[in-house]
Amino acid sequence: MTDYFEVHERDGAARLGELRLAESVPTPALVDDVGADTAGRVHTVLDDAGGRWPSEPDAPEGDDATVTILPHRGLPAGTPDEVAEAFADEYPDVDFPSGAVVSPTTAGDHAADITVLAGAPGYVGHGSAFVDALTTVKDAVPADTALYLPGVATPRNVATLVYAGVDLVDPHKAVVRGTEGRYLTTDEAYFLEDLDELPCACPACQQPRDSFDREDCAAHNVHALAAELARVRRRIRDGRLRDYIEGQARQDNWLTATVRILDQRYGYVEQHTPLLRRAELAATTEDAIRRPEIQRFAQRVTERYVPRFDDRPLVLVPCSARKPYSDSQSHKQYHDAIQWRAHVVSMTSPIGVVPQELELTYPAQHYDSVVTGNWSANEIEFVSRVLEAYLEDADYPEIIAHVPGEGYRDICERVAHSLGREFTYTVRDHPTTADSLGNLAAELEGWDTYQKSTREHNTIRAIADYQFGAGAGDELFPDIGTQGRYPQLRADDADGEQLAALAQQYGVLSLTTAGARRWVESDVPSKTVEIEPFVPHGSVLAPGIVDASDDIRVGDEVVVRGDAAFGVGRAEMHGAEMQSSTRGIAVQMRHTEEL
Ligand SMILES: [Zn+2]
């Protein structure tokens, strides 16, 4: 039972939370047990009840102003598993804020508010060892315990530590490095004697260079660490920590390795990555291709989405800087030539391919990439792979590639060759020249236009596939009518009862209770949150949850049901977090019916 830590906001595995002590401490935070800092940047809230080795200490007495680290045995990193297990600590259930010291082997539910990773300095500095230890511990402890890595934080690594899922760090390493004469910044660890100018404007650095000693250096290091942590909190709040990390992690090779290894542990990062965000996704580095949001979109388009317009030609077009694509000048020109006679799919780096029905769906209208006109080998490889997978399941009678020369054309030729299909190329010079557009229109001659209602119905179905799973579009919305004007669509059943509305900002469906009932009664696996017998108003808190589907992600549409109520809302936690949390908002309800 976690009584003294609560998570408020999430950005991937990074979280904004609160240690609910006599004085609240916002996390991620700098904490210690010695009162090293007088400027209020370090929260002196830890109380170490001491080691259990060699003698057994008395039971600790705690209070609600501090987190008492429960008595533990210190086992160094690398202690063999069987030894660690033999000496695993058993923690008493206490009614004051407490912390349990664990290793990856002994991590579990110790009913503590914070989990302290013993031997953290043995992992930090090595990408795979760190990711192994961290993900093992995170998977083993309840989601709403704060993770503390003692003795490791520096201004340079703290953003990546938090990105990986660390909630608490301390200033010890920054202080020790300072007293050793190392001047730490977010990008370097300088020898103090090498600096003839101090590259910082913090209070400790506001003095003549020749009077700046190692004690000042330690004070500066703590300032730099606290400032970086404040920046990280802001980034989490904005949903933009990853954009920052892709640059910051480059300051040290092990940090870059850590971010890449985390991307390869797709299961860990994907579980923590929201389905949608308000913030724009800035795709400025090659690492952006491996972002879980990008991988998830590509996976869902190729595995869940069903091409419903493949009884007519496919036109592949380049993406536009303006989003949604259909609002751009170039796409309006393509549309004038196509006139709803073909299915339009945009090719783009780093997203892959975007069928016209999913142009609003996160992150298709929420990314911004660097346009140089040249594609890297990685981008060509990624988009080719997605396009090929997309076409493998489609049955288009003709594929028209209305794309410019560089990159796009390479990808089309590669995929055409690989699939043994012929593509028709309609662009001379540039896709929007009169010649090119004339070629495109001529190529579609003889095809009739499909109806607006077909387009709208298939948009609802495509988003349902993407959001709820393969087959959901046909299963949940076989017989719908649509109201409104795209993109403000709502879907009704045959009797005119509303089932869902298209949330234009994120390109996802918001279900009504009638829509939610269809989902539950269908063969499509529903994402369900089972609650105690009460009627939720506004939100469902974690303690009221009996069970939740594992595959729920933050931002997912979820069915909420219990003996007293049936409703639908949007998830604020992922499924495993709902199961193991004892605090925090789990679901924001949209519609609730009392039973
Ligand atoms: Zn400074």
Side-chain angles (χ1 to χ4, degrees), residues 14 16 19 23 25-46 120-121 124-125 130 148-164 166-238 240-256 258-259:
L16 285 182
L19 280 178
E23 206 166 307
V25 176
T27 66
L30 266 178
V31 293
D32 74 0
D33 58 351
V34 292
D37 170 70
T38 51
R41 298 159 308 189
V42 182
H43 303 275
T44 303
V45 294
L46 300 182
V124 168
F130 171 69
Y148 169 35
L149 263 56
V152 296
T154 65
R156 180 158 55 178
N157 71 21
V158 74
T160 304
L161 298 181
V162 172
Y163 172 77
V166 174
D167 302 293
L168 301 169
V169 292
D170 59 43
H172 297 166
K173 185 169 183 180
V175 170
V176 168
R177 299 292 275 158
T179 54
E180 292 167 354
R182 295 296 281 260
Y183 184 100
L184 306 181
T185 62
T186 54
D187 57 325
E188 260 304 341
Y190 295 100
F191 286 100
L192 180 57
E193 62 261 34
D194 290 347
L195 294 175
D196 41 12
E197 183 189 352
L198 301 174
C200 174
C202 82
C205 295
Q206 298 307 297
Q207 57 176 301
R209 172 65 188 88
D210 38 353
S211 64
F212 189 90
D213 60 17
R214 290 184 171 196
E215 200 176 314
D216 300 320
C217 189
H220 154 82
N221 287 352
V222 176
H223 265 294
L225 178 57
E228 179 69 351
L229 207 46
R231 186 206 311 269
V232 167
R233 286 192 296 267
R234 182 68 239 174
R235 281 277 169 170
I236 298 171
R237 188 165 285 119
D238 292 340
R240 298 198 55 200
L241 182 59
R242 170 68 187 228
D243 298 353
Y244 179 67
I245 286 294
E246 286 183 14
Q248 177 55 29
R250 282 188 161 52
Q251 305 305 333
D252 204 341
N253 287 355
W254 89 267
L255 298 173
T256 308
T258 296
V259 174

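First listed ligand is number 1; within each ligand, the first listed atom is number 1. In what follows, every heavy atom counts, from backbone to side chain, and hydrogens, waters and symmetry copies are set aside.
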Phe191 six-ring centre to Arg182 NZ/CZ under 6.0 Å and within 45° of normal: yes
Angular separation of His220 ND1 and Cys200 SG about the Zn ion (ligand 1), given to 10°: 100°
Step-by-step side-chain contact (heavy atoms from CB on, under 4.5 Å) determination, Leu225 to Leu184: CA-CA 9 Å; Leu225 178 57; Leu184 306 181; over 6 Å; no
Stepwise side-chain contact (heavy atoms from CB on, under 4.5 Å) test for Phe212 and His220: CA-CA 10 Å; Phe212 189 90; His220 154 82; 4.1 Å; yes
At the Zn ion (ligand 1): angle between Cys202 atom SG and Cys205 atom SG, to 10 degrees: 110°
Presence of N, O or S from His223 under 2.8 Å of the Zn ion (ligand 1): no
Asn157/Phe130 under side-chain contact (heavy atoms from CB on, under 4.5 Å): CA gap, chis, key distance, verdict: CA-CA 12 Å; Asn157 71 21; Phe130 171 69; over 6 Å; no
